[in-house]
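Reading through the structure tokens given below for one structure.
All chains are named by letter (A, B, ...) in the order of the sequence lines, taking the proteins before the strands, and each is independently numbered beginning at 1. Because only heavy atoms are used, hydrogens play no part in the values below, and waters and symmetry mates are left out as well, while side chains stay in.
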Amino acid sequence: MVDRITVEVARYRPEKEAEPSFQAYEVPCRKDWVILDGLNHIKDHLDGTLSYRWSCRMGVCGSCGMTVNGEPKLTCATFLADYAPGPLRVEPLRNFPIIRDVIVDIDDFMQKLSAVKPWLIRDAEKPLAEGEYRQTPAQLDEYKQFSMCINCMLCYSACPVYGLDPEFIGPAAIALAQRYNLDSRDQGARQRDEVLSKHEGIWSCTFVGECTKVCPKHVDPAGAIQRYKLSSAMGSVKDFLMPWRGK
Amino acid sequence: MVASHDVVLVGGGGAGLRAAIAIAEANPRLSVAVVSKVYPMRSHTVSAEGGAAGVIRADDSLDEHCYDTISGGDWLSDQDAVEAFVKEAPEELLRLEHWGCPWSREPDGRIGVRPFGGMKKMRTWYAADKTGFHMLHALFQTSLKYRAVARYDEWFVTKLLVDDGRVQGVVAIELRSGRIQPILAKATILCTGGCGRVFPFTTNATIKTGDGMALAYRAGAPLKDMEFMQYHPTGLPFTGILITEAARAEGGWLLNKDGYRYLQDYDLGKPTPKPVLRSMELGPRDRLSQVFVKEMEKGRTIDTPYGPVVNLDLRHLGERVINTKLPFVRELCLKYQNIDPIKEMIPVRPVVHYMMGGVHTDIHGATPLPGLYAAGEVACVSINGANRLGSNSLPELLVFGARAGRAAAEYASSQKEPGPAVVAQAEDERRRLVHDLLQRTDGRERIATVRDAMQKTMEESAGIYRSGPGLAKAADRLGELEEQARRIGLDDHSRTFNTELVTALELQFMVEVARTMVGSALKREESRGAHQRIDFPKRDDQRFLAHSLCRRAADGSCRIEYLPVTITRWPPGERVYGR
Ligand SMILES: Cc1cc2nc3c(=O)[nH]c(=O)nc-3n(C[C@H](O)[C@H](O)[C@H](O)COP(=O)(O)OP(=O)(O)OC[C@H]3O[C@@H](n4cnc5c(N)ncnc54)[C@H](O)[C@@H]3O)c2cc1C
Ligand code: SF4
Ligand code: FES
């Protein structure tokens, strides 16, 4: 006998409903089933109208983030059995407009990501014929962690600052800016600085570290923000003491 | 509403993004659109683990990479295409380094390379064991700096628009609003990836439903070598999650239920404590998967609720090697199978992994249909022949993505604007989607039922081993399933982000693609690479040193013709491993 578990899923169809409500479904609670397997069971066999995003089912595409019993989770990397005997509540990620059911609108992040110029910036490009930019394993380690972000948005969902102030660039975009700032091949820190320091949001980050706690890829966005603040504060002190230092 | 661009790309994975950048660089005045059913950085390229091959070491040569690819492909690769590919791969990988890809390094800061199955020399570039993830994010983030690249994120393409013998754009659904509209273009490039989901047990993400192959096929372009579907020998049971070949390259062993390295019984070399290239566990994928079936028939595999498995043993590598070289493998085992490879063996079985066949293109990515190009897993150039070598696919996305982008840019520059006829066609397509699917209330079939039946049919008849009678039966069954897929009844009749509508369309694409696979497999009466016929166990160069080309007949059945393989310098020989 397979145990069963009740999953209460937030439903919202803007064409029909004025506001979200919950709908309960009972699904098998197998030991190796993740929450996403439960949702797929609902969609296949119980109710084809339930909509959600997913793709890889291996925690790398970043599609399947939802709020599970109040916490942001990748539903493909969270076992159903961990919530037994249930019921368990699945809602859209917080702090984003809801498009439908548990699907949220992440346009805002996509724009912020572009804004921080997440690409290698060089004063002069080295011709391909001259080979690779040398980078030692230690130099790689400097930024490696920040390059692991899968853009799953769990950190935005958890961030109290972003919740209050949607202008805040937010954890993942700052971590990705730092990913390039700390890359030994990059020379674009100054350009990114203009974007990062423009908005006071970054200073209102209180280092509660909710983003780092929920990040499924150990990116440590809170660490990236702290580090940025330090370097940027030091940068302005240095600029003040050594104005000739053209960064 | 009608949108219009110079070049439209369907797909924002590795191939699509590389093509987009190539176009933006070739001619910044052209407007380029990337249409993708998921946000580009969610594309399936993100899951690739092991690495990307490109010759860079002094002890290696282009000819050796060519030979490994051609012999690995059982001489079905076009050798002119392989030569171009091998030559351009290192350049492309280096370009990605200049775009920020965090390749793993040697202590002195040079690019590091690792061994890989079927490759005789170390030439596989890697970014820990998240190579595809890092490549895709580097490409996507770099693409953001090109203003000429417009994006249609979460738009689903349902049809190619063809008039006057030319492809002139697509019809797509904007998922968020449900709006259905044409996106016109002077040139269209398909970069939609593979079709592993036609099988029940696959490493492929749920989005890999062969859409581009079906789109091209319906529009009149031929599909090439569709009988060649690669199994990867080591997937986790149930989820199909891939345990990368790198686990074996670092020295992992495959053991049967007696703890015996059974590969030594099948002419794949002698067991040695250290891994030897092209030998034993580093033999080619098709052979390793076939040997699994033989081992199963001998009763030497291990039975589990998810079917028979063998064990992949990494324990002797030790904690340090596993944590530094294979951290993702460990993470996957812990998170999805609740197994720690430092202490336990990993149960594995062969899983459907990669489509060697696809839309027929020349070495510039052009299909026989003017205005239509294809690159990446959806295309068949062919460099992969009857069996792709691991780590050749990622560089293929780059080399042929860039080539297709440049060719399409040049073609688009000389074409006039698409005409009104295609706008009228788009209106017909809109009506079909709305009346036959979205608003239909008398549909009887459920998506999951038809899908499961299709997958079962494919696994039983077109899996690792095939037979004439089995394939013939499958062809009939798929004909019925195609009918059923047409009569799908949706629960969901709404417009906003209707994922059930998307799934229904994907199912129709998949059944179409499955039919071409079975049709092509039935006609190829020989065994070569990934296509093994128990009724024709030998390779037959007299009759079949040729690509199959599958065209759609008016009644929906497939017509097969053959096209000779291009041989430049490497005459067909025997595939030898472990000797
Ligand atoms: C688990 C795994 C590991 C792998 N590891 C390696 C490796 O180590 N080395 C190697 O060389 N290869 C590897 N491969 C193979 C390789 O990753 C793939 O062949 C390759 O990434 C395919 O890239 P692509 O750009 O062709 O397609 P994808 O990355 O699959 O992208 C397809 C794109 O098309 C879009 N699309 C599809 N249909 C539609 C539609 N109807 N409308 C709109 N958009 C659409 C999708 O949204 C997506 O953007 C691996 C494959 C798997 C499954
Ligand atoms: S930083 Fe972590 S939580 Fe935030 S988007 Fe990236 S991977 Fe997700
Ligand atoms: S489905 Fe890809 S991260 Fe969960």
Side-chain angles (χ1 to χ4, degrees), chain A residues 13-16 31-32 34 40 43-45 47-63 76-77 79 99-101 103 105-106 110 113-114 117-120 122 125-126 128 131-137 139-140 143-144 147-151 176 179-180 183 185-186, chain B residues 38-39 41-44 46-47 91 94-95 97-100 102-111 128 130 132-134 137-138 141-145 153 176 205-207 238-242 328 331-332 335-338 446-448 451 490-500 503:
Chain A
R13 281 151 294 185
E15 292 158 65
K16 283 213 251 175
K31 184 168 152 276
D32 45 9
V34 293
N40 285 338
K43 179 127 194 133
D44 280 355
H45 304 292
D47 182 353
T49 69
L50 179 65
S51 274
Y52 48 93
R53 294 186 178 110
W54 73 290
S55 178
C56 69
R57 205 209 172 276
M58 54 189 279
V60 69
C61 76
S63 307
C76 73
F79 288 102
I99 297 177
R100 165 179 181 162
D101 296 342
I103 298 176
D105 177 347
I106 64 164
M110 296 304 281
L113 178 65
S114 292
K117 306 195 173 174
W119 53 79
L120 218 58
R122 301 277 308 172
E125 296 253 354
K126 170 166 156 171
L128 276 186
E132 70 262 55
Y133 296 105
R134 294 284 180 106
Q135 183 165 68
T136 63
Q139 288 173 318
L140 177 63
Y143 70 92
K144 181 90 197 194
S147 75
M148 304 302 270
C149 172
I150 61 172
N151 303 354
L176 284 161
R179 173 248 174 274
Y180 286 94
D183 187 324
R185 298 167 291 183
D186 183 81
Chain B
V38 296
Y39 281 97
M41 72 284 183
R42 317 252 189 251
S43 300
H44 191 64
V46 83
S47 322
E91 243 166 76
L94 192 59
R95 185 168 283 123
E97 195 276 331
H98 286 218
W99 288 343
W103 296 115
S104 293
R105 305 283 176 153
E106 297 295 331
D108 66 357
R110 285 179 312 140
I111 298 288
K130 288 200 170 163
F133 165 81
H134 285 298
H137 280 256
Q141 291 168 3
T142 300
S143 79
L144 296 175
K145 76 178 177 194
D153 292 343
R176 179 182 304 205
T206 185
I207 57 173
F238 175 51
T239 58
I241 290 172
L242 176 86
F328 195 43
E331 183 189 323
L332 290 172
K335 273 226 181 92
Y336 302 92
Q337 204 86 16
N338 209 0
R446 221 183 150 73
I447 295 172
R451 183 197 61 212
L490 298 182
D491 293 347
D492 192 350
H493 302 286
S494 64
R495 293 291 185 122
T496 312
F497 228 111
N498 187 332
T499 51
E500 199 189 23
T503 317

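- To the nearest 0.5 Å, the span separating CG on Leu94(B) from OH on Tyr133(A) amounts to 9.5 Å.
- The residue among Gly240(B), Ser47(B), Gly109(B) with the most heavy atom pairs within less than 4.5 Å of chain A is Gly109(B).
- Counting all heavy atoms, side chain and backbone alike, Arg179(A) lies closest to Pro102(B) at NH2-CD, 4.1 Å.
- Glu15(A) contributes no side-chain N or O that, together with a main-chain N or O of Ser494(B), makes up a donor-acceptor pair within less than 3.5 Å.
- Using a 4.5 Å cut-off between heavy atoms, Ile103(A) touches chain B through its side chain atoms alone.
- Taken to the nearest 0.5 Å, the CD1 atom of Ile447(B) stands 12.0 Å off from the NE2 atom of His45(A).
- Lys31(A) meets the side-chain contact (heavy atoms from CB on, under 4.5 Å) test with no other residue; sequence neighbours excluded.
- Interface remark: Phe79(A) contributes side-chain atoms only to the contact with chain B (heavy atom separation under 4.5 Å).
- The candidate with the highest count of non-hydrogen atom pairs below 4.5 Å against chain A, out of His493(B), Glu91(B), Glu331(B), Arg495(B), is Arg495(B).
- Contact of Phe238(B) with chain A is made through the side chain alone, with heavy-atom distances under 4.5 Å.
- Using modelled atom types, no side-chain atom of His134(B) and backbone atom of Met148(A) make a donor-acceptor pair closer than 3.5 Å.
- Contact count against chain B (heavy-atom pairs under 4.5 Å) is highest for Trp119(A) among Trp119(A), Tyr180(A), Trp54(A).
- Per-residue counts of heavy-atom pairs under 4.5 Å with chain B were compared for Met110(A), Lys144(A), Glu125(A), Arg122(A); the largest is that of Met110(A).
- Only the backbone of Glu106(B) comes within contact range of chain A, with at least one heavy atom under 4.5 Å from a heavy atom of that chain.
- Although no hydrogens or angles enter the test, the distance criterion places no donor-acceptor pair under 3.5 Å between the side chain of Arg95(B) and the main chain of Leu128(A).
- In this structure, His137(B) and Asn151(A) have side chains that are in contact, with non-hydrogen atoms separated by less than 4.5 Å.
- Heavy-atom pairs under 4.5 Å with chain A were tallied for Val46(B), Thr142(B), Thr239(B); the largest tally goes to Val46(B).
- The shortest distance between side-chain heavy atoms of Ile241(B) and Arg57(A) falls below 4.5 Å.
- Looking at heavy atoms from C-beta onward, His98(B) lies in side-chain contact with Lys126(A) at the 4.5 angstrom threshold.
- Using a 4.5 Å cut-off between heavy atoms, Cys149(A) contacts chain B through its backbone alone, with no side-chain atom that close.
- Looking at heavy atoms from C-beta onward, Gln139(A) lies out of side-chain contact with Arg105(B) at the 4.5 angstrom threshold.
- Within the 4.5 angstrom heavy-atom criterion, only side-chain atoms of Pro14(A), from C-beta onward, approach chain B.
- Options Cys56(A), Ser51(A), Ser55(A) differ in how many heavy-atom pairs under 4.5 Å they form with chain B, and the most are formed by Ser55(A).
- The salt bridge (Lys or Arg N to Asp or Glu O under 4.0 Å) test applied to Arg110(B) returns Asp108(B), not counting sequence neighbours.
- Proximity to chain A (any heavy atom under 4.5 Å) is restricted, for Leu332(B), to the side chain, taken from C-beta onward.
- Just one of Arg13(A), Arg100(A), Lys16(A) meets the salt bridge (Lys or Arg N to Asp or Glu O under 4.0 Å) condition when paired with Asp492(B); it is Arg100(A).
- Your options are Leu140(A), Asp44(A), Thr136(A), and the one with the most heavy-atom pairs under 4.5 Å with chain B is Asp44(A).
- Under the 4.5 Å side-chain criterion, counting only non-hydrogen atoms from C-beta, Phe497(B) is in contact with Arg53(A).
- The heavy-atom pair separating Asp491(B) from Thr49(A) by the smallest distance is O-CG2, 3.5 Å.
- Contact tally against chain B (heavy-atom pairs below 4.5 Å) for Ile150(A), Leu113(A), Val34(A): the top residue is Ile150(A).
- Among the candidates Lys130(B), Lys145(B), His44(B), Lys335(B), the residue making the largest number of heavy-atom pairs closer than 4.5 Å to chain A is Lys145(B).
- Options Arg451(B), Met41(B), Glu500(B), Glu97(B) differ in how many heavy-atom pairs under 4.5 Å they form with chain A, and the most are formed by Glu97(B).
- Of the N and O atoms on the side chains of Lys43(A) and Thr503(B), not one donor lies less than 3.5 Å from an acceptor on the other residue.
- Here SG of Cys61(A) is found 13.0 Å from OH of Tyr39(B). Values are rounded to the nearest 0.5 Å.
- Looking at Pro107(B), the atoms closer than 4.5 Å to chain A (heavy atoms on both sides) all sit in the backbone: N, CA, C or O.
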